[in-house]
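A, B, ... follow the sequence lines: proteins, then strands. Residue 1 opens every chain. Keep in mind that what you see is a predicted model, and the values were worked out from it rather than measured.
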Number of protein chains: 2
Amino acid sequence: MEKTLFVVRGEETLPRWQAAFPEGEHGTVEQARSSIGSGDLVWVSERVDEWPTLVRQWSQRGAAVVVLSYRPSQAQGLEALEAGARGYVHALANVEVLRQAATVVTHQGLWVGPELLSRVVGSSFRAMGGAPRASREWLERLTERERAVALAVADGQSNKEVARRLAISDRTVKSHLSAIFRKLEVRDRMQLVLRLSQSETVDS
Amino acid sequence: MEKTLFVVRGEETLPRWQAAFPEGEHGTVEQARSSIGSGDLVWVSERVDEWPTLVRQWSQRGAAVVVLSYRPSQAQGLEALEAGARGYVHALANVEVLRQAATVVTHQGLWVGPELLSRVVGSSFRAMGGAPRASREWLERLTERERAVALAVADGQSNKEVARRLAISDRTVKSHLSAIFRKLEVRDRMQLVLRLSQSETVDS
DNA sequence: AAACCTATCGTACCGATGGCCTAGATGGCC
DNA sequence: GGCCATCTAGGCCATCGGTACGATAGGTTT
């Protein structure tokens, strides 16, 4: 019954997970599927396919489920909580944080990062020791024209719409965008939007 | 935890509170106001006037604040959490529950009680939106599967990545997306992500 | 003058995206 | 049994998005 196990994909298990829970078992979904019951502490990697479904099943069985994410986001965190997870932790969190989260969730508490917490309950959690996020300094790295393009794109506009707004060709918009992606190290406009909307809420 | 104290109105203190924390101090707002600092565990009765303001102050100072309510409700619970409280417990909870809550909140967890947890989590979307009704409404218009796709896409993932996560074909992802766009009346994933991030980040 | 940055526009290429259509399987409801 | 919603998946096709590899022109720095 009261056992700790990590559900991962392949050989994903990290040393720090074992360090935090030497007694914990590690395995894939197939190995874990049937053995999980009430009172168990289950860590599920976001790399596991269909983790929301699994979280739903296991939490309904009474297990305390924590989702390990490599790229935490509000949307994913809410997805985890909605599925019944009691915790949402960065997969690379240190041993102390993992143990702390374990303590909390096994005591019927909710463990989420300060950032997500602020989304869940409002903005006032920012002042509670949550590390202040990076500012929009990275926008300074862009030229004036690139910044205009970035903001327009982050507004949800297509390349053609941006071109019309700035009175330039859509080819030029693409050129600027390539430069933007390279400088900000994002892969596409979607990541740009996410990054911009994140830093915007922190500043305001 | 530095010290434990109960902030009450008059002589409200219950025996079970003292049983759970024999070392805890009990007093009114005037007595407690200045002595609360980082690391303290503070229990605040809902009978204390202007408790949300006090919760906000003390939680910003780094104290772990738990609100004791005689008439727990979803609205009040959210108000407490929004003010920065880490816990929301029934004032008549038994000793075990009180100690459990203390364990959780002093470990940076969130304690809202098993019976209220589902409601708090379920309402988190509403709690985050500037236009609560609207955001909840359009999310509810989606099926469960569509919601999962929408959240994943709003996280910046490509169709293929979503397909991998949900263990379905990318054709199916596109099918779901078409339904999502039609239902939510957005033209593409960019508008979807904007709408989601807006309702997620607007402070109210 | 040479080097460099910036803004502009072009072609070509290719994967990603989204609309429109069909359709099997499932399960709930009348 | 019929009806309907949902999830799944495929084909077809037009468009969009992003990169590679340019080119030209104006400005600044060295």
Side-chain angles (χ1 to χ4, degrees), chain A residues 29 48-57 60 71 75 79 82-83 137-197, chain B residues 136-197:
Chain A
V29 177
V48 174
D49 292 330
E50 294 209 80
W51 60 262
T53 306
L54 300 171
V55 168
R56 207 163 305 245
Q57 290 175 0
Q60 279 180 357
R71 297 168 306 154
E79 194 178 359
E82 211 184 30
E137 201 175 307
W138 51 272
L139 264 182
E140 315 280 330
R141 305 163 58 100
L142 303 181
T143 68
E144 190 175 344
R145 210 59 173 151
E146 287 165 352
R147 206 152 40 231
V149 172
L151 290 175
V153 166
D155 222 19
Q157 306 201 17
S158 70
N159 288 345
K160 282 187 178 178
E161 288 170 329
V162 176
R164 264 197 300 276
R165 174 192 283 197
L166 301 183
I168 54 180
S169 161
D170 58 340
R171 319 293 183 185
T172 309
V173 174
K174 286 172 138 190
S175 291
H176 287 316
L177 267 181
S178 289
I180 292 167
F181 296 154
R182 184 167 28 83
K183 286 184 179 178
L184 302 188
E185 294 175 351
V186 293
R187 70 160 183 242
D188 53 29
R189 64 208 295 115
M190 200 63 68
Q191 305 299 321
L192 176 63
V193 162
L194 290 175
R195 198 158 159 187
L196 192 52
S197 64
Chain B
R136 193 171 75 119
E137 270 175 21
W138 61 259
L139 265 182
E140 281 180 353
R141 293 167 60 178
L142 302 182
T143 68
E144 186 179 358
R145 211 61 173 146
E146 288 166 351
R147 206 155 37 234
V149 171
L151 287 172
V153 166
D155 207 22
Q157 305 201 17
S158 69
N159 289 343
K160 282 187 178 176
E161 288 170 327
V162 176
R164 265 197 300 276
R165 156 166 315 178
L166 300 183
I168 54 180
S169 160
D170 58 340
R171 300 311 189 114
T172 308
V173 173
K174 292 169 81 174
S175 291
H176 287 314
L177 266 181
S178 290
I180 293 167
F181 295 154
R182 183 167 30 81
K183 287 183 179 178
L184 304 187
E185 294 175 351
V186 292
R187 68 160 182 240
D188 53 28
R189 64 209 294 117
M190 198 63 62
Q191 304 300 322
L192 176 63
V193 83
L194 285 177
R195 210 159 150 182
L196 248 186
S197 66

[atom1] of [X] versus [atom2] of [N]: gap in Å, rounded?
X: B:L166; N: D:dT8; atom1: CG; atom2: P; result: 8 Å
X: B:E144; N: C:dG28; atom1: CD; atom2: C1'; result: 16 Å
X: B:L192; N: C:dG18; atom1: CG; atom2: P; result: 9 Å
X: A:R187; N: D:dG17; atom1: CZ; atom2: C1'; result: 13 Å
X: A:Q191; N: D:dG18; atom1: CD; atom2: P; result: 11 Å
X: A:L142; N: C:dT6; atom1: CG; atom2: P; result: 10 Å
X: B:L177; N: C:dG18; atom1: CG; atom2: C1'; result: 9 Å
X: B:R189; N: D:dG18; atom1: CZ; atom2: C1'; result: 14 Å

Would you indicate what [X] reaches in the nucleic acid, counting non-hydrogen atoms under 4.0 angstrom: base, sugar-phosphate, or nothing?
X: B:S175; value: base
X: B:D170; value: nothing
X: A:T172; value: base

Looking at [options], which one has an atom nearest to any side-chain atom of [X]?
X: A:R171; options: C:dG10, C:dG19, D:dG17; result: C:dG10
X: B:K160; options: C:dA16, C:dA7, C:dT8; result: C:dA16
X: B:K174; options: D:dG17, C:dG19, D:dC7; result: C:dG19
X: A:S178; options: C:dA7, D:dT19, D:dG17; result: D:dT19
X: B:I168; options: C:dG18, D:dG17, D:dA9; result: D:dA9
X: B:F181; options: C:dA7, D:dC7, C:dG19; result: C:dG19
X: B:T143; options: C:dT17, C:dA7, D:dC7; result: D:dC7

Taking all non-hydrogen atoms of both residues, which atom of [X] and which atom of [Y] are closest, and how far apart?
X: A:A154; Y: A:V193; answer: CA-CG2, 3.6 Å
X: B:E146; Y: B:T143; answer: OE1-N, 2.9 Å
X: B:R189; Y: B:Q157; answer: NH2-O, 2.9 Å

Side-chain atoms of residues 165-177 of chain B: list all donor-acceptor pairs with protein atoms under 3.5 Å, sequence neighbours left out, distances to 0.1 Å.
residue, atom, partner, partner atom, Å
B:S169, OG, B:R171, N, 2.9
B:S175, OG, B:R171, O, 3.3

How long is the gap from OG on A:S158 to CD on B:Q191, to the nearest 0.5 Å?
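If we round to the nearest 0.5 Å, A:S158:OG and B:Q191:CD are 9.5 Å apart.
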
Please tell me if the side chains of B:L142 and B:V149 come closer than 4.5 Å, counting only heavy atoms from C-beta onward.
no

Respond yes when some side-chain nitrogen or oxygen of B:N159 is under 4.0 Å from OP1 or OP2 of C:dT17, and no when none is.
yes

What does the inter-axis angle of the helix from C:dA1-D:dT30 to C:dC30-D:dG1 come out as, five pairs per end, nearest 10 degrees?
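End axes: 30° apart.
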
